[in-house]
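Comments concern the structure below.
The shown structure was predicted, so the numbers you read here are calculated from the model rather than taken from an experiment. In listed order, ligands and their atoms are each counted from 1.
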Amino acid sequence: MDRTGLLIILSSPSGAGKSTLARRLMDWDRRLRFSVSATTRPPRPGEIDGQHYYFTTPDRFRRLVAEGGMLEHAEVFGNFYGSPREPVEVAMREGRDTLFDVDWQGGQQIRASALGQNVVSIFVLPPSLPELERRLRGRGQDSDEVIAGRMQKSRAEISHWAEYDYVLVNEDLDATEAQMRAILTAERMRRSRQTGLGSFVRTLMEEERT
Ligand SMILES: Nc1nc2c(ncn2[C@@H]2O[C@H](COP(=O)(O)OP(=O)(O)O)[C@@H](O)[C@H]2O)c(=O)[nH]1
Ligand SMILES: Nc1ncnc2c1ncn2[C@@H]1O[C@H](COP(=O)(O)OP(=O)(O)O)[C@@H](O)[C@H]1O
């Protein structure tokens with residue numbers, strides 16, 4: 001049944017498990033599109049330009065923003081991050097859902113945009129702050145200084161939890177993934193009902209009469 005694509009916003013303090021959950025959801029649903037953000041932060045080992053992020057310079061980033069090419073953008077941990085607008089609009093027209101890994105500022109801007117009525121937002125909490133720090137260390141990709149900075153900012157990110165439609169505590173990864181699948185399935189059914197079911201029911205009633 002026809003429906004406009006959803007914008008699924010995933011936010012959490014750094015290290016709570018967003019990227020891992022996003023990857024799992026994309027494996028579950030091959031039609032789900034990941035919004036590849038542009039960023040001025042340097043790539044981590046293993047990160048591929050155009051797949052994890054578009055790595056760019058502050059000058060090019062600012063130009064993209066000035067041209068209206070970003071659906072939202074923000075400064076996080078001293079770097080610029082933004083979601084390119086055009087691929088999102090194409091996906092929506094095709095009825096494909098887009099998954100965003102953005103911080104609370106990105107969440108607020110997308111919700112407030114013209115596309116806001118198609119947003120489903122999910123906030124992921126860690127089971128505790130010591131566990132959050134263990135996960136950041138376990139990822140093995142950031143220095144002690146970077147980890148300390150992220151831990152310090154985690155409280156500010158967490159303070160925005162109530163702005164989200166769904167709030168999940170990512171204790172057991174399989175359980176959290178199952179919850180996310182359930183949210184997507186239910187939200188898709190809700191939107192299909194709004195846009196596609198009317199004509200189906202009319203056809204059904206016609207059949208009954210003849
Ligand atoms: N507003 C906004 N935030 C973003 C975007 N892309 C990533 N972020 C956020 O920037 C923060 C840092 O991301 P990253 O450098 O990949 O570190 P990680 O979250 O620790 O893996 C996270 O909170 C992301 O959700 C974007 O396009 N817009
Ligand atoms: N439920 C979980 N239990 C244990 N470890 C987890 C869980 N979810 C994610 N992790 C691990 O925690 C680290 C941070 O996860 P990641 O997805 O990179 O977080 P984020 O994208 O939110 O910064 C990774 O090493 C990941 O494998």
Side-chain angles (χ1 to χ4, degrees), residues 7-27 33-56 61 64-65 69-88 98-113 119 121-143 145-161 163-164 168-180:
L7 308 186
I8 301 148
I9 297 175
L10 200 53
S11 301
S12 81
S14 182
K18 278 184 311 293
S19 317
T20 308
L21 287 162
R23 257 195 314 275
R24 284 182 167 221
L25 271 192
M26 312 284 295
D27 285 344
R33 209 195 126 256
F34 183 69
S35 170
V36 179
S37 298
T39 183
T40 58
R41 90 146 157 76
R44 293 191 188 127
E47 282 184 332
I48 299 165
D49 188 40
Q51 185 180 325
H52 298 96
Y53 281 104
Y54 294 108
F55 296 100
T56 188
F61 190 95
L64 266 168
V65 171
M70 294 294 191
L71 179 58
E72 62 76 33
H73 63 95
E75 193 177 332
V76 190
F77 308 133
N79 292 302
F80 297 130
Y81 292 84
S83 309
R85 179 191 301 278
E86 205 198 332
V88 180
T98 302
L99 187 61
F100 293 83
D101 173 342
V102 295
D103 79 331
W104 65 270
Q105 304 174 84
Q108 282 191 350
Q109 289 175 44
I110 300 172
R111 253 186 244 109
S113 77
V119 165
S121 59
I122 305 173
F123 196 89
V124 179
L125 288 168
S128 69
L129 290 187
E131 172 61 14
L132 183 66
E133 189 164 351
R134 267 194 294 279
R135 288 183 189 175
L136 280 172
R137 289 194 186 287
R139 195 162 65 181
Q141 281 176 330
D142 297 305
S143 65
E145 195 190 336
V146 169
I147 289 175
R150 287 178 181 226
M151 284 305 294
Q152 212 186 338
K153 298 237 169 64
S154 66
R155 284 185 177 79
E157 182 76 29
I158 290 172
S159 72
H160 291 274
W161 68 276
E163 295 163 20
Y164 287 71
L168 312 180
V169 180
N170 180 23
E171 184 147 30
D172 178 83
L173 197 50
D174 289 338
T176 312
E177 183 193 351
Q179 288 170 342
M180 290 190 62

Practice item. Kindly indicate, with the supporting measurements, whether the criterion salt bridge (charged side-chain N to carboxylate O under 4.0 Å, His left out) is fulfilled by Lys18 and Asp103. Key: CA-CA 11 Å; Lys18 278 184 311 293; Asp103 79 331; over 6 Å; no

Practice item. Tell me which protein heavy atom sits closest to atom 23 (O) of ligand 2, plus the residue, atom name and distance to 0.1 Å. Key: Gly15 N, 2.7 Å

Exercise for review: For atom 21 (O) of ligand 2, grab the closest protein heavy atom and report residue, atom and distance to one decimal in Å.
Suggested key: Ser19 OG, 2.4 Å

Review point. Does Gln109 use its side chain to pair, donor to acceptor, with the backbone of His73 at less than 3.5 Å?
Key: yes

Practice item. For Gly17, counting its heavy atoms only, list the atoms of ligand 2 lying under 4.0 Å from any of them. Key: 9 (C), 15 (O), 16 (P), 17 (O), 19 (O), 20 (P), 22 (O)

Exercise for review: Could you list the atoms of ligand 2 found under 4.0 angstrom from a heavy atom of Asn170?
Suggested key: 1 (N), 7 (C), 8 (N)

Point to revise | Under 3.5 Å donor-acceptor, Ser11 side chain and Val102 backbone | key: yes

Check your understanding: Of all heavy-atom pairs between His52 and Phe34, which one has the smallest distance, and what is that distance?
Key -> O-CE2, 4.2 Å

Check your understanding: Which of the numbered atoms in ligand 2 are below 4.0 angstrom from a heavy atom of Ser12?
Key -> 22 (O)

Review point. Which residue supplies the protein heavy atom nearest to atom 17 (O) of ligand 2, what is that atom called, and how far is it?
Key: Thr20 OG1, 2.5 Å

Point to revise | Whether Glu171 lies under 4.0 Å from ligand 2, heavy atom | key: yes

Revision key, fill the gap. Rounded to the nearest 0.5 angstrom, the OH-OH distance for Tyr81 and Tyr53 is 5.0 Å

Exercise for review: Report the nearest protein non-hydrogen atom to atom 18 (O) of ligand 2: residue, atom name, distance rounded to 0.1 Å.
Suggested key: Arg139 NH1, 2.9 Å

Check your understanding: Rounded to the nearest 0.5 Å, how far apart are CG of Leu21 and CE of Met26?
Key -> 13.0 Å

Exercise for review: To the nearest 0.5 angstrom, please state how far the CG atom of Asp174 sits from the CD atom of Gln179.
Suggested key: 11.5 Å

Check your understanding: Any N or O of Gly138 that comes nearer than 3.5 Å to an N or O of ligand 2?
Key -> no

Review point. Has the side chain of Glu131 got a donor or acceptor atom that lies under 3.5 Å from a matching backbone atom of Ser128?
Key: no

Exercise for review: Kindly check if the number of other-residue, nucleotide or ligand heavy atoms within 6.0 Å of CD (Glu171) is above 12?
Suggested key: no

Review point. Closest non-hydrogen protein atom to atom 10 (N) of ligand 2, residue and atom name please, with distance?
Key: Arg135 CD, 4.0 Å

Check your understanding: Can you tell me how far CD of Gln108 sits from CZ of Arg111, rounded to the nearest 0.5 angstrom?
Key -> 6.5 Å

Check your understanding: How long is the gap from CG on Leu10 to CZ on Phe100, to the nearest 0.5 Å?
Key -> 11.5 Å

Check your understanding: Would you say Lys18 and ligand 2 have an N/O pair spaced under 3.5 Å apart?
Key -> yes

Exercise for review: Using heavy atoms and a cut-off under 4.0 Å, could you grab the residues that are in contact with ligand 1, chain by chain, numbers ascending?
Suggested key: Ser14, Lys18, Ser37, Arg41, Arg44, Tyr53, Glu72, Ala74, Val76, Phe77, Tyr81, Gly82, Ser83, Asp101, Val102, Asp103, Gly106, Arg139, Arg150

Check your understanding: ligand 2 and Leu21, any nitrogen or oxygen pair closer than 3.5 angstrom?
Key -> no

Going by atom type alone, with no hydrogens or angles, which donor-acceptor pairs under 3.5 Å involve a side-chain atom of residues 146-154 and a protein atom two or more places apart or on another chain?
| from | atom 1 | to | atom 2 | distance (Å) |
| --- | --- | --- | --- | --- |
| Arg150 | NH1 | Ser14 | OG | 2.9 |
| Ser154 | OG | Met151 | O | 2.7 |

